[in-house]
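Written out below as structure tokens is the structure these notes cover.
In what follows, chains are A, B, ... by sequence order, proteins preceding strands, each numbered from 1. Note that the coordinates shown come from a computational prediction; the quantities given were computed from them, not determined experimentally.
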Number of protein chains: 2
Amino acid sequence: MATSKPIHSFKTPCEQCPLRPLPHFREFSRDELEFVSHFKRGELAVDAGSTILVEGAHSAHLFTVLAGWGFRYKMLEDGRRQILNYIMPGDLIGLQGTIAGEMQHSVEALSSVSLCVFERDRLMTLYNKHPSLAFDITWIAAREERILDEHLLSIGRRTALERAAYLIAFLFERGRQLSLFNGRKFIPITQQHIADTLGLSIVHTNKTLKKLSERRLIRWQEGGCEVLNGEELMAIAGWEGLGEGKRPFI
Amino acid sequence: MATSKPIHSFKTPCEQCPLRPLPHFREFSRDELEFVSHFKRGELAVDAGSTILVEGAHSAHLFTVLAGWGFRYKMLEDGRRQILNYIMPGDLIGLQGTIAGEMQHSVEALSSVSLCVFERDRLMTLYNKHPSLAFDITWIAAREERILDEHLLSIGRRTALERAAYLIAFLFERGRQLSLFNGRKFIPITQQHIADTLGLSIVHTNKTLKKLSERRLIRWQEGGCEVLNGEELMAIAGWEGLGEGKRPFI
DNA sequence: CGCCAGTTTGAAATAGATCAAGCCCTGTGG
DNA sequence: CCACAGGGCTTGATCTATTTCAAACTGGCG
């Protein structure tokens, strides 16, 4: 399994980037846009279930998600898996490889995913020539950190029901910010993924989700979760949301 | 409680920084050193138990830890607390305030702590004038992310015994890298802190630590934990360690 | 048709939480 | 010098959230 198609020579010009017009992302200056356009080396398209990056590998690339859903995870030697966070359009992945030499986690696609490919080697040029973009990269890393903090709070101190409510509300909020839902508020995820994110067994996860379903907050469909009441999920979790405001991306 | 002394006008010149000579940190160029020296605005000294930053506050400052131990945490409304990570010399704190406007977590001192104070406003100058330092800040953020990933794996998927072993090994490794131990390998921490880091109750934490004590891997002393066998703790946790190599700091 | 991944359910086992006390040490105030 | 209060640690007993085990159901798909 987990085969990824070769990197396309085809590339969407950054000037026509489908993400840029979204209200969630900050504007680029002409200058920045031009640099990023050169920085981008190609596009990668993978199918649902493919592995995008593997723990331990030395990848020469950085990626920005153009479309689709995926997740980052780590495993223990005996196979226990922990999902660390989800990746969605605008997210930068592979930065960790820059500091540690090799990836410390794996990344897998939940849906079909397409990614912009950058060369890690040229990152220093970005820092030298475009301080504003350099700052954006720091911003993106700090944001990921903030989200991990919240996940940690969730796994460490929330009950199973609160955790599940938090996770679904979180994914829903992220999708909403990215204008990902056309009518059907659908998250392409399996109960096993939810279990591995929340640190619960799949059986208990199933029973917990059933409680949320009975309260008409979510509905489970083939291949994912439909959100019926995001507000109430946030209330159960005691979670404030992601905050408004525009964010950068590369 | 939690009173912090006013920011000292007194400042250790960066040229005489006690951290710089440590083998764990990367060298600075003369240029970088000069800039950082100007960037630094003063020093802050707080006692054990003091709050250094509070969730929700708008701080105008960034800090680098010069000496001492502390921790970052978040709380739920009903008082449940989750410790997110520990801060030690060389760590940068307050960066999150830059991206979210306000702090998303609090920081408290475990021992007496002294900090270098920087003005957040002048961060952009650093990005404009010193790309190498800008990159270092990203590096530091990405490193924190990596550590949070590991914590998440721990809380989500390791057993209580494994978690405790991981945490103590982790703190021990960090202290060792920083040459913090002179003979006595002592971590200034309370069992309540360990419980709030591992997502366990204090009673169960106590019983778990007792098992580690009985195996002669640690010894509990007044006010903290003495590490007797870091190797074996890592083995129990199935944890590889932090990796060698120098790291930057500001 | 039969297989497979994902979901669902019930029953038994257990890790960890909660409850309740007691202990030790240090600091404080009479 | 003693009393006592408080924080941190320890321990045993009971309770419960969650895991594990086992089995069956569903809908696609070759």
Within a 6.0 Å radius of atom CD on A:E214, are there more than 12 heavy atoms belonging to other residues, nucleotides or ligands?
yes

Could you check which residues of residues 148-166 of chain B get a heavy atom under 4.0 Å from DNA chain D? Sort them by number, please.
none

Test salt bridge (charged side-chain N to carboxylate O under 4.0 Å, His left out) on B:R158 and B:E150; report intermediate values, then the result.
CA-CA 11 Å; B:R158 285 197 246 248; B:E150 191 73 46; 2.8 Å; yes

Roughly, in whole Å, what's the span from CH2 in B:W220 to C1' in C:dC23?
18 Å

Let me know the distance between NZ of A:K210 and C1' of C:dG6, rounded to the nearest Å.
16 Å

Would one find a side-chain N or O of A:Q191 under 4.0 angstrom from OP1 or OP2 of C:dT8?
yes

[X] (side chain) donor-acceptor with [Y] (main chain) under 3.5 angstrom:
X	Y	value
A:Q177	A:G243	yes
B:R163	B:L200	no
B:E226	B:Q221	no

Proximity of B:Y86 and B:H193 rings by center, below 6.0 Å
no

So A:W69 and A:F181, would you call those rings parallel, tilted or perpendicular, with 30° and 60° as cut-offs?
tilted

Name the orientation class of the two ring planes belonging to A:W239 and A:Y166 (parallel below 30°, tilted from 30 to 60°, perpendicular beyond 60°).
perpendicular

Chain B on DNA chain D: first and last contacting nucleotide, 5' to 3', under 4.0 Å to a heavy atom?
D:dG8 to D:dA13

Identified side-chain hydrogen bond (donor to acceptor under 3.5 Å, both in side chains) partner of A:D149 from the options B:Q82, B:K74, B:Q104, B:R72:
B:R72

Given the options B:L233, B:I236, B:L228, B:N229, B:R215 meets side-chain contact (heavy atoms from CB on, under 4.5 Å) only with B:I236

Using heavy atoms and a sub-4.0 Å distance, could you list which residues of residues 198-207 of chain A are near DNA chain C? By number, please.
A:V203, A:N206, A:K207

